[in-house]
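For ligands, and for the atoms within them, numbers begin at 1 and follow the listed sequence. This one's a predicted model, so the numbers in the text were calculated from it and none came from an experiment.
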Amino acid sequence: MTKQIILAAYVGGVNEHTLWEHPEAGSQIAFSTFKHVAQTAERGRFDYFFLAEGLALRARDGVIFDHDIAGRPDTLAVLASLAAVTSHIGLVGTLNATFNEPYELARQLASLDHLSGGRAGWNVVTSFDAYTGANFRRGGFLPYAERYERAEETVATVRELWDSWNEDAVAADKATGQFLADPSAGAFAHHGRQFDIEGRFTVPRSPQGRPIVVQAGVSPAGRDFAAANSDAIFSPYSRLAEAKDFYADIKQRARNAGRNPDDVKILPGTSFVLGDTQAEAEEKARHVKEQQLTDRTIQVIFEQVWNRDLSDYDPDGPLPDVEPDTTAPDFIQGRALIHGDRHATVAKWRALAEERGYTLRELAHEISGSADYVGTPTRVADQLDAFIQEDGADGVVLGSHLVPSGLDEFVDRVVPLLQERGSLRTEYEGTTLRENLGLPLPDRDGALVSR
Ligand SMILES: Cc1cc2nc3c(=O)[nH]c(=O)nc-3n(C[C@H](O)[C@H](O)[C@H](O)COP(=O)(O)O)c2cc1C
């Protein structure tokens, strides 16, 4: 049977992939930007609109990056506004499990679920650095190893709160004309290692009962957490070989956790560049990459790994002849370090640069790769469909280098081809995000019934 492709549209905010200085780029904070992307995605029958979260502005040597977009609006406020101008698409926001409290999270997400008629989702992140914590009372809070422990208990507690309203009892009360006589409506008590709370939850059971939970984070602990607790995963693995490994690993972990592996959907972040011919698309992709990798971006990419000031090194010159500084505090803060071992990374890059005669700029182009799908609409539709059918993933989270109008041509030119093939819906099947994703529906006690 043809697997149905799950599509999500992504507005990442602060990053070096979006060309915010492009003449056609919108504002990173104006409502019109989010509205355009969400409505375009809904026109393409996407499953959900997705926002990342950055709780701290990034800094270089203690000074805010001038090439990052300064400031981003709050996820929940944006999603609640979008609920009013869309009617089917899911609204998934990233919210941190390290710095937020379960009671607030449960209230906010259940409210969004009510306001949107059952379209809310929560991407659970734990954040990667103590720097972010300094914006909160809890500077430096929690040790890395405890973050998933807290995340696990946060999700469990939030679900207890969502399940705390006994709708049958409330309906019975209404029928007898009494005003919430049921003493158990909203009552909760959670006594755990991370949270010791009890009281009454203020938001009645929402249309989905359980808004969907997404996870992003790739360590073994993150994978186990996702396989046991999440409905979907935002993955960084968009290339077939590594994507298949991740897919098989997560589905196995889900089985080990006693779940149906189909109930955990995997969606890598994915980029595309379209053209009328293959040559035109490739030329466009090259041009986009040049604009993304400005001299300052190249400098920061390498400063993060060398952990020192590299402003004296010419991007068109050789690699720095100094060693990375592994004892100094982080030179670049608030940006995930994806290259773990600094010395090993530098050694690997030096060998590559020597072998191919690369300058810093050429090395930056090499390590940052090209867009995932580059080609004519037909070729992109073929390749994306093959990626899904071969179990690279269950769907993709599409982001464009041009915000907000970049998604338009994907929806106008690639979506109809996927629909013709029968791998993408032409109409939404259900009214809630859970139904559209084909996920188990919770019964009134919160138990999930696999479909
Ligand atoms: C694809 C992906 C997207 C992420 N998006 C965010 C984000 O929007 N905001 C955030 O604070 N952290 C984000 N994170 C960071 C994770 O929440 C997590 O803190 C980090 O990956 C460390 O966990 P790990 O060791 O399990 O990967 C993201 C991670 C991944 C892999």
Between ligand 1 and [X], is the shortest N or O to N or O distance under 3.5 Å?
{"X": "N96", "value": "no"}
{"X": "Y148", "value": "yes"}
{"X": "T94", "value": "no"}
{"X": "N123", "value": "no"}
{"X": "A216", "value": "yes"}

The atoms of ligand 1 lying under 4.0 Å from a heavy atom of F234, numbered in the order shown, are 1 (C), 3 (C)

Note: ligand 1 atoms sitting under 4.0 Å from heavy atoms of A52 are 8 (O)

Out of V124, V125, T98, the nearest non-hydrogen contact to atom 10 (C) of ligand 1 is supplied by V125

So side chain to side chain donor-acceptor pair (under 3.5 Å) across residues 106-121, not counting sequence neighbours, yields T86-R119, R107-T202, D113-S206, D113-Q208

Distance col, row K265:NZ vs D231:CG, nearest 0.5 angstrom, shows 10.0 Å

- Task: Identify whether the distance between the nearest side-chain nitrogen and carboxylate oxygen of D309 and R60 falls below 4.0 Å.
- Result: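 Salt bridge between D309 and R60, a charged N being under 4.0 Å from a carboxylate O: yes.
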
Next item on the list: May I ask you to decide whether D249 forms a salt bridge with R255, counting only side-chain N to carboxylate O separations under 4.0 Å?
Entry: no

| said: Any donor-acceptor pair under 3.5 Å linking the side-chain atoms of D385 with those of Q389? | reply: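 Short answer, yes.
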
Note: V218, heavy atoms under 4.0 Å from ligand 1, region reported as both

Can you give each donor-acceptor pair under 3.5 Å made by side-chain atoms of residues 373-381, sequence neighbours left out, with the distance rounded to 0.1 Å?
unit_1	atom_1	unit_2	atom_2	d
T376	OG1	R379	N	3.2
R379	NE	Q278	OE1	3.4

Problem set entry | Residues, nucleotides or ligands: over 12 heavy atoms within 6.0 Å of K289 NZ | yes

